[in-house]
Amino acid sequence: MNTELSPKYDPSAVETQAYRVWMEEGCFHADPARPGEAYSIVIPPPNVTGALHLGHAINATLQDILVRQHRMRGFNTLWIPGIDHAGIATQAVVEKQLKEQENKTRHDVGREGLVERIWKWKEQYGSRILEQLKRIGASCDWERTRFTLDDMCARAVRETFFKLFRDGLIYRGKRLVNWDTFLQTSISDDEIYHETVKTNLWHIRYEIVGKGAECAESAESTETTENKAGDERNSHETEQKPNLAKKDFSAPSAASALSAQSSNLEGELSSSRPSHMVVATTRPETLLADTAVAVHSQDARWNWAIGKSVRLPLTGRLIPIIADDILVDPKFGTGVVKVTPAHDPNDYAVWQRHQGQADAIDIFNLLTPDGRINSERPEWGKYAGLKRDAASKLVVEDLKSAGLLEKEEPYETQVGHSDRSKTPIEPYLSDQWFVKMAPLAEPALQAVREGKIKFHPERHAQQYLSWLGEKRDWPVSRQLWWGHRIPVWTKEVEAGDEFKKGATARRGKAAILQAKHGDVLEENGQVWGFARGLFSTETGKGYHAIALQGLDAETERILESDGYIQDPDVLDTWFSSALWPHSTLGWPQLTAELAKYYPTSVLVTGRDIITLWVARMVMMGMYNMGAANATTDDAGRITGVSPVQGARGVEEPRVAKDQSNPHGRDARDTVKGGTALNTTANFEIAESAPRGTMDDAGRITGVSPVPGARGVEESRLPNHQSNPHGRDARDTAEGARATASRLGLPFLDVAINPTILDGKGERMSKSKGNGVDPVDIIDSYGADALRFTLTKMATETQDARMPVKRDAAGRNTSEKFDEGRNFCNKLWNACRFALSNLENVRPTEDGATASNSSCKMDGATGSLADRWIVSRFNHAVGECDQALAAYRFDAYAKACYDFFWRDFCDWYVEAIKPAMKDPARAGQTGQVLATVLDGALRLMHPMVPFITETVWWRLNDVRPTRGLPSRLECTASPRLVLAAWPKLGPRDEAAERVFPKLQEIISAIRTLRNDHKVNTRQVVVVHFKADDDFSRDMEANREMIELLATCTLRAISADAAKIPNAAVASAGGCEIFVEGLIDPNAQKQRLAREVEEKTRLVDSLTSRLDNPAYTAKAPAQLVQQTRAQLTAAQADLAKAMEAIREL
RNA sequence: GGGCGAUUAACUCAGCGGUUAGAGUACCUGCCUUACACGCAGGGAGUCGGGGGUUCAAAUCCCUCAUCGCCCACCA
């Protein structure tokens, strides 16, 4: 290979070649059999909905930095790439395309047709995404690329669903869900965004109807029994009671109604009990499905009416007036709330709360799946079939003509919209599968609370904890066609619960009908399914449901030929994402990869999916991989599968809880607000815990490692389980890994990468049009430039703003990448220069040994510059190590930048030019140059891999042996990607003390030259007045000073005489006189500035020292330092003032 | 309503108890000094959002106000 570096840096040539070599040589491929501690990362799989933008690019870059650095550090490193099928999002995109291009809906093309189209989309965008990642330079193990919908993931999904199903953690229930009427599927809370919508608040009159005609009497009794507090107001009410009954309900005058209402609001002096209640709503059409109105039990305006009814407008149906102190805020509005359980989450909660109580209320589903008023109730006849807006309009009109519309006022409200279809969502009552969260969430909370998993920056743990702490059950079914189909087959059972009586007389799949509720189904000792009885409150029918454990087309066929039907729904896309860290490694098979690389080392992701994804991965990782299912060695590696303890171990803790709950209600199954799930709408019969036993014989592969008692116990009882040793097992890396492995944690660290915003502070996204395609940036700036800039932006302050503008080609771009490009260009050219110097110099003949002995870097004979740059390099190594260990990528980039550009290019390379031309010294300095260049390339490689790799090849050609093996590790490696990470070496304090002083005086001379407008090439004559030590240092480095300051040193001594007509400066603790620079004005200006500065400093230091508290309380060393500073500053000031006087 | 974060040079951001607050970009001056003009040398530029407090010492810690952003909940 010709390794010569082209004079002009051409990113695309460099990138193409380097990446091809890495791929051809399998540099990214991980082999679990190879030695080395494991370091593994799974990529957050990008959605296959479209191409990647800069948000993905920064995420990939940061992971690649970690992966490359650890690979160089000798870890057995694996980075798994992959893509997410992104269920609803992808289907929505394809459906939209279908509509736009062919004007068809999914129903026109059918399930298979649509899924086929989505697969095509997936092929197209999936490969585009992988291509983008490669262009960025991601060093993923492409042989292990996964897709959340591939067979490997599918097996993990089946296994997990099966386990949850068997363990009673999955149930089917009627729930009020967020319904996307366009896509006709439920969506999770997280897929909703709110938009402010201008609408009206309609005040509607509901006529109060007593039980029979005896309103007054019943009112009285209500008061006496229920009102213990609020006597004052009650006395009003009691006195006013007689006026109540006689009212014309049908058409009260507006005036009287208004006055009645307003006085009611004040709760005083109302002359009569109102004949009606006024409720306000933004959704008048939902009143059709009202099943109650609620008031606060302590609200004297209304509590007398509790137990009475109101006549529902337009339908005439009577609905009860109930008390609900949670729903109703008596201070808000009229104090009366209409209750539409099937169409409002709060109202649904009311319905739940009142279930089984004396004041239980009804629930009617109002809508059809496509968002129209349904025709389930005859009373809705006129409105049935109307969509939201039409129904609303008509209802309002009808209310108006019936005189029941009290008023109509403009109102702004937040309306939930589906993130996928961008249409308003409707609360909708439907059958869904749910995962119980409480038992899964608790251990996941614990893992973070106890620091087993650490967030970086730490504060992000809070979001995780607060979300998981709610333990809201997870609705996992989606009425979609793109995704993992729910692996449950059901068959109606005629005699209601016949399935419960079945017997497993025969083994084998033919015996499924005999399987009874709670049976583990097996054949030849191989478990294949689990049976459960379901009961539908809606149809009143019983169902036999079987969840399959694995992917087995044959079994599915048998089931289906037996009349079983697979559930049509698919799983929430996050279900498969939640398994990602272990499913990609082969689980449920116990693969070598799983044993070696799980738990993964770190998850790098954006903060927006901490709840959606991170939390669920922890839960499912712990559930599937936790504890007793595998034994581990001391380092936490899985060494084998322990005998599966069977379902019993899992059951026991659960059974204990269930016993208190004989009706199958699950008190743990709560929704927000502490309301227990009402279980009469729950399909599941769970009167006994699953009872299956699992055969542990004959399991080789393909059978799940089932969590045994221990893991589950731990997770169930976390609060009793304070760390007995009082110390965090993370004290050692090995301990951390062992703990994580035992608990099944998917990763040890979570590093949150910044969100990329545009110049206006808006989140970058395709749909907003402010998204930037990383490939566009790579095309115009280069991948390394992209990576450098993104790395530098990866600060702890999360939002990274990036002004975006449009380039000539109409692509989005950003000037932010100039910095990265400049850096890469500098890097290229500096390397080219260094290498051309090295080419011209013979390396010391006998290689490392000779050079090692001839170059005494920490002795006195090496040049100051040589010793200094090695020390600076070691400083940089320390900075980089520290930064990367703390996930401070910006600090890593800065350390590289400062070292390479400022120290190496600006000073070292300039300083050694004469030495490299001098055959007597070039050998030695060449070794240092080669060695430091070697180290710098290693240090920067994770961030800018292409350019460093390319230069590395050239360096290997030019200098196969660098020298200085004792300082910098120089293990021969033909490929930088596989070379060793630099070791932290010692600093050279003397060199780092003296060199900066030389820098100072050089800068001072340069400044004088500039101030006096001396021509760049004109050599000036300089005298120094300096102490003996520094005089010696300057003398020793005369060549460097003269070169870098373009000057000749005339006199250097402690008593150098003042030179007439010389420009004067002081720096590095000495006085500098530059001959022949006569520009009194410039000189005056400069001295005046210096006097001002020094005066300020002297004042500041003086006042500090004058403060007795300071000298008494501040550290002595600091005080001493301050004194020394003051002395120096005073001396400087005196000199400057004297110089002014002499002008 | 609850939580988190931000506010530092014209712009984008570091710094998070201790010298005269830094970088990149932009700007000004001079240089095409044969590695690099995507560069070199030099320079100007900030009462660290306002107010209070703690401390010998505050950009840094605490309180408060203002503005902006994000997350969660909710608005009948």
Side-chain angles (χ1 to χ4, degrees), chain A residues 5 7-9 189 194 201 279-283 293-294 327-329 332-340 344-347 411-414 457 459-460 462-463 466-467 470 607-608 610-611 672-673 755 757 759 761-763 781 785 789 792-793 795-803 814-816 818-837 890-891 894 897-898 902 905-906 909-910 1002-1003 1006-1011 1013-1017 1044-1046 1093-1094 1096-1097 1100-1101 1104 1107-1115 1118-1119 1121-1122 1124-1125 1129:
Chain A
L5 305 181
K8 191 164 164 40
Y9 167 51
D189 291 347
H194 287 85
L201 195 59
V279 301
T281 181
T282 56
R283 297 291 304 274
V293 291
L327 178 71
V328 183
D329 175 0
F332 187 90
T334 58
V336 183
V337 185
K338 68 194 270 298
V339 180
T340 324
D344 183 286
N346 292 312
D347 297 358
Y411 194 73
E412 266 190 12
T413 186
Q414 299 278 311
R459 71 187 123 93
H460 290 295
Q462 204 175 341
Q463 197 182 331
S466 64
W467 184 83
E470 293 183 8
R607 69 186 130 89
D608 48 330
I610 287 172
T611 52
K672 179 123 176 77
T755 304
L757 308 175
E762 290 196 40
R763 185 196 193 80
Y781 289 92
T789 298
K792 197 135 181 273
M793 290 177 80
T795 66
E796 277 198 317
T797 310
Q798 289 311 306
D799 294 345
R801 258 185 217 213
M802 177 172 297
S814 175
E815 285 177 2
K816 268 279 171 189
D818 286 357
E819 188 183 358
R821 181 198 50 196
N822 295 353
F823 180 73
C824 291
N825 191 252
K826 185 75 176 178
L827 174 54
W828 181 262
N829 283 298
C831 292
R832 218 157 50 82
F833 180 71
L835 286 165
S836 75
N837 271 280
D890 60 324
K894 192 172 187 320
Y897 182 98
D898 287 345
R902 304 273 83 104
C905 292
D906 288 354
V909 170
E910 294 302 327
I1002 290 166
S1003 290
R1006 286 169 172 173
T1007 303
L1008 287 180
R1009 295 174 57 99
N1010 261 286
D1011 286 352
K1013 308 210 187 308
V1014 178
N1015 183 286
T1016 310
R1017 298 191 184 185
L1044 299 186
T1046 322
E1093 268 177 30
K1094 297 295 180 193
R1096 196 149 29 103
L1097 181 57
S1100 150
L1101 292 169
R1104 195 179 313 167
N1107 181 352
Y1110 175 68
T1111 46
K1113 291 189 181 176
L1118 191 71
V1119 175
Q1121 190 189 319
T1122 311
Q1125 280 164 4

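Just so we're on the same page: letters track the sequence lines, and every chain starts at 1.
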Is the shortest distance from a Lys or Arg side-chain nitrogen in A:Asp898 or A:Lys894 to a carboxylate oxygen in the other one below 4.0 Å?
yes

So, under a plain 3.5 Å distance rule, would you say the side chain of A:Glu910 forms a donor-acceptor pair with the base of B:A35?
yes

For the side chain of A:Phe833, starting at C-beta, report the closest nucleotide among B:U12, B:C56, B:A35.
B:A35

Between B:U20 and B:A35, how far apart are the C1' atoms? Round to whole Å, please.
36 Å

Under 4.0 Å between a side-chain N or O of A:Asn822 and OP1 or OP2 of B:G39?
yes

Tell me which nucleotide, if any, is Watson-Crick or G-U wobble paired with B:A23 when both distances must be under 3.5 Å.
B:U12

If you measure from the C1' atom in B:A41 to the same atom in B:U33, how many Å do you get, rounded?
10 Å

On a whole-Å scale, what distance lies between the C1' atoms belonging to B:A14 and B:A6?
14 Å

For B:C40 and A:Arg1017 - does any side-chain N or O of the residue sit under 4.0 Å from the phosphate oxygens OP1/OP2?
no

I need the minimum non-hydrogen distance between A:Gln463 and A:Ile610, along with the two atoms involved.
OE1-CD1, 3.8 Å

Check: A:Gln1125 side chain, B:U19 base, donor-acceptor under 3.5 Å:
yes

Only pairs with both distances under 3.5 Å count, Watson-Crick or wobble alike; so what is the partner of B:G69 in this structure?
B:C4

Inter-nucleotide P distance (B:C36, B:G30), Å rounded:
23 Å

Separation between the P atoms of B:C65 and B:U25, rounded to whole Å:
41 Å

Find which nucleotide of RNA chain B each of A:Asn1107 and A:Arg832 is nearest to by heavy atoms, and output the residue with the more 5' nucleotide.
A:Arg832

Both A:Asn1010 and A:Lys1013 contact RNA chain B. Which one's nearest nucleotide lies toward the 5' end?
A:Lys1013

Could you state the atom-to-atom distance from NZ of A:Lys1113 to P of B:A58 in whole Å?
13 Å

Looking at A:Arg1006 and A:Leu1044, would you say the former's side chain and the latter's main chain have a donor-acceptor pair under 3.5 Å?
yes

Taking atom P in both B:G51 and B:A66, what distance in whole Å separates the two?
15 Å

